[in-house]
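One structure is given here, and the rest of the page talks about it.
Nothing here was measured: the structure is a model prediction, and the numbers come from that model. All values below come from the heavy atoms of this structure, side chains included, with hydrogens, waters and symmetry mates left out.
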Amino acid sequence: MKKIIIAICLFSALMVNAQPENLRKYPDFKSKFVDSRNVEIWLPPSYETTPNKKYPVLYMHDGQVLFERGRGFSGEEWEVDEMMTKLIKEGKIREAIVVGIWNTSKRFREYQPNKPFENLKEGDKKLRESLDEEFNGGPLADEYLKFIVEELKPFVDANFRTLIDKKNTFMMGSSMGGLITIYAKAQYPEVFGSVACLSTHFPVSLKQNNPEIPSLIIDYLKSSLPKSKNNRIYFDYGTETLDSWYNPYQKQMDEVMKLKGYILGKNWETRKFEGAEHSEVSWRKRLDIPLLFLLEK
């Protein structure tokens, strides 16, 4: 009996830590722009059996919490591979390659936009200084996006059967990952066609919910975000924990979307999830919705 219990426990442990099928791992991926990091690439079910088929690509931030448990701060994961497989089998979305980009110790700096904080007025410089103090340095988003666009994407396109055009290149992230995603859309509208921003952390800081910081970012997006033609953008947010900060800022962002000509329900979505908190568990529960927005057949 004892041996049976031990065997069951060992089997369960193996199942919990089992690597998802079709996952290619690239540890310590080098860059001339930012610190090296791990990159993981998930291949859709038909990739190995359909050698002539090319696939769209979804780039996602915080890669260590996408495919396997126990590697992030909370220990939870998004279960991206499971949800992708489910929606593909149900015929609801196109098959796509998913590129998981791990974060580093400089996550808050790499996901923090540079441009909104350039040429600040004297009063706003103190805001910048407070963020620099909180995160031990200034924004590195421009460098991080150069890494993705100039180094990582060419690597993926050279080594996998991808559809390389804007229409078939997507990005998704949550929290600061949502912020860098909408910034990427503004900086590289010719590269990323559709993006999904979950629980976008417009305040940047974790210590202060200062409306002046989101105001700087949203003003920048008002001037720099591409107009609606051939572009699609998804936002969502919850109402609990850190997500409870977001409602007024998302409403401001929604006004920008209208000014840019985006049509709610067509090439733009903003969804509010009552009772949802700021966590991988919450994003996992509603992951099907942004995936359907990006990849629906």
Original post:
Would Met171 and Lys185 satisfy side chain to side chain contact (heavy atoms under 4.5 Å, CB included), going step by step from the backbone distance to the final call?
Top reply: CA-CA 9 Å; Met171 182 176 281; Lys185 185 61 183 168; over 6 Å; no

Original post:
Under the ring pair (Phe, Tyr, Trp, His ring centres under 6.0 Å) criterion, do Tyr237 and Tyr249 qualify, and how do the steps go?
Top reply: CA-CA 11 Å; Tyr237 63 104; Tyr249 311 132; over 10 Å; no

Original post:
Hey, mind stepping through Lys53 and Glu95 against salt bridge (charged side-chain N to carboxylate O under 4.0 Å, His left out) and telling me if it holds?
Top reply: CA-CA 10 Å; Lys53 185 176 180 178; Glu95 288 194 271; 3.1 Å; yes

**OP:** Might you work through the side-chain hydrogen bond (donor to acceptor under 3.5 Å, both in side chains) test for Asn114 and Glu118, ending with a clear yes or no?
**Re:** CA-CA 7 Å; Asn114 298 61; Glu118 293 178 351; 5.5 Å; no

**OP:** I would like to know whether Glu129 and Lys125 meet salt bridge (charged side-chain N to carboxylate O under 4.0 Å, His left out); could you show each step before the answer?
**Re:** CA-CA 6 Å; Glu129 290 170 2; Lys125 288 181 180 178; over 6 Å; no

**OP:** Evaluate side chain to side chain contact (heavy atoms under 4.5 Å, CB included) for Asn103 paired with Met176, printing each intermediate quantity in order.
**Re:** CA-CA 11 Å; Asn103 63 46; Met176 287 296 290; over 6 Å; no

**OP:** Show the numbers, then the answer: is there a salt bridge (charged side-chain N to carboxylate O under 4.0 Å, His left out) between Lys260 and Glu255?
**Re:** CA-CA 9 Å; Lys260 292 290 183 176; Glu255 292 303 311; over 6 Å; no

**OP:** Could you go through the side chain to side chain contact (heavy atoms under 4.5 Å, CB included) check for Val65 and Asp62 one step at a time?
**Re:** CA-CA 6 Å; Val65 297; Asp62 294 315; 4.0 Å; yes

**OP:** Would you please test Lys86 and Asp288 for salt bridge (charged side-chain N to carboxylate O under 4.0 Å, His left out) and show each step?
**Re:** CA-CA 9 Å; Lys86 177 179 181 292; Asp288 60 317; over 6 Å; no

Original post:
Can His278 and Trp283 be said to form a ring pair (Phe, Tyr, Trp, His ring centres under 6.0 Å), step by step?
Top reply: CA-CA 8 Å; His278 195 88; Trp283 301 320; 5.0 Å; yes

**OP:** Please assess Thr200 against Thr181 for the test side chain to side chain contact (heavy atoms under 4.5 Å, CB included), listing each intermediate value before the final yes or no.
**Re:** CA-CA 9 Å; Thr200 310; Thr181 296; over 6 Å; no

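Taking the six-membered ring for Trp, Phe29 and Phe155 have ring centres closer than 6.0 Å. With ring centers used as reference points, Phe108 lies under 6.0 Å from Phe135. Aromatic pair Trp102/His61: ring centres not closer than 6.0 Å. Aromatic ring centres of Phe170 and Tyr59: separated by at least 6.0 Å. Proximity of the aromatic rings of His201 and Tyr246 is defined here by a centroid distance below 6.0 angstrom, and this criterion is met.
When all heavy atoms are compared, the tightest approach of Ile213 to Val204 is CG2-CG2, 3.9 Å. Arg161 and Thr50 get closest at one heavy-atom pair: NH2-O, 2.8 Å. Closest approach of Val256 and Ile218 over heavy atoms only: CG2-CG2, 3.7 Å. Closest heavy-atom contact between Pro226 and Pro189: CG-CB, 3.7 Å. Contact between Tyr220 and Lys115 at its shortest, heavy atoms only, is CE1-CB, 3.4 Å. Shown here for Glu134 and Lys207, the closest heavy-atom pair between the two residues is OE2-N, 3.5 Å.
Note: the hydrophobic cluster containing Leu259 does not contain Ile217 (ILVMFWY, side chain heavy atoms under 4.5 Å, direct or indirect links). Both Ile182 and Val149 are part of a single hydrophobic cluster, where members link through side-chain heavy atoms under 4.5 Å apart. Phe273 and Val281 are members of different hydrophobic clusters when ILVMFWY side chains are connected at heavy-atom separations under 4.5 Å. When the side chains of ILVMFWY residues are joined at heavy-atom separations under 4.5 Å, either directly or via intervening members, Trp42 and Met172 end up in a single hydrophobic cluster. Grouping the Ile, Leu, Val, Met, Phe, Trp and Tyr side chains by contacts below 4.5 angstrom, directly or via other members, places Leu23 with Trp78.
Applying the salt bridge (Lys or Arg N to Asp or Glu O under 4.0 Å) rule to Arg286 yields the partners Asp236; only residues at least two apart in sequence or on another chain are considered.
Exactly one of Ile93, Asn22, Ile97 qualifies for a side-chain contact (heavy atoms from CB on, under 4.5 Å) with Met84. That residue is Ile93.
Taking CG of Leu287 as the start and OG of Ser282 as the end, the distance is 12.5 Å to the nearest 0.5 Å. With values rounded to the nearest 0.5 angstrom, Leu58 atom CG is found 7.0 Å from Leu291 atom CG. Between atom CD of residue Glu280 and atom NZ of residue Lys285 there is a gap of 13.0 Å, rounded to the nearest 0.5 Å. The OG1 atom of Thr169 lies 10.5 Å from the CD atom of Glu190; values are rounded to the nearest 0.5 Å. The line from CZ of Arg24 to CD1 of Ile41 is 9.5 Å long, rounded to the nearest 0.5 Å. For the atom pair CD (Glu40) and CD1 (Ile101), the distance works out to 11.5 Å, reported to the nearest 0.5 Å.
Within a 6.0 Å sphere centred on CD1 of Ile164, heavy atoms belonging to other residues, nucleotides or ligands number 12 at most. Heavy atoms from other residues, nucleotides or ligands lying under 6.0 Å from NZ of Lys166 number more than 12. Environment of CD in Glu90: crowded, with over 12 heavy atoms of neighbouring residues, nucleotides or ligands closer than 6.0 Å.
In this structure, the side chains of Leu242 and Leu206 come closer than 4.5 Å at one or more pairs of heavy atoms. Contact of the Gln112 side chain with the Leu131 side chain is registered, since non-hydrogen atoms from C-beta on lie closer than 4.5 Å. Contact check for Ile263 versus Trp268: no side-chain heavy atoms found under the 4.5 Å cut-off. In this structure, the side chains of Leu225 and Ile233 come closer than 4.5 Å at one or more pairs of heavy atoms. Annotation: side chain of Asp219 is not in contact with side chain of Pro116 (no heavy-atom distance under 4.5 Å).
Note: Tyr144 and Tyr111 have tilted aromatic rings, judged against thresholds of 30 and 60 degrees for the angle between ring planes. The aromatic rings of Phe293 and Tyr234 sit tilted, their planes meeting at an angle between 30° and 60°. Using cut-offs of 30° and 60° for the angle between ring planes, the Phe202 and Phe235 rings count as tilted. The aromatic rings of Tyr47 and Tyr55 sit tilted, their planes meeting at an angle between 30° and 60°. The aromatic rings of Tyr188 and Phe192 sit perpendicular to each other, their planes meeting at more than 60°, with 30° as the lower class boundary.
The side-chain tip of Arg128 points at the ring of Phe117 from less than 6.0 angstrom away and within 45° of straight on.
Salt-bridge annotation for Glu110 and Arg37: present, with a side-chain N of the basic residue lying under 4.0 Å from a carboxylate O of the acidic one.
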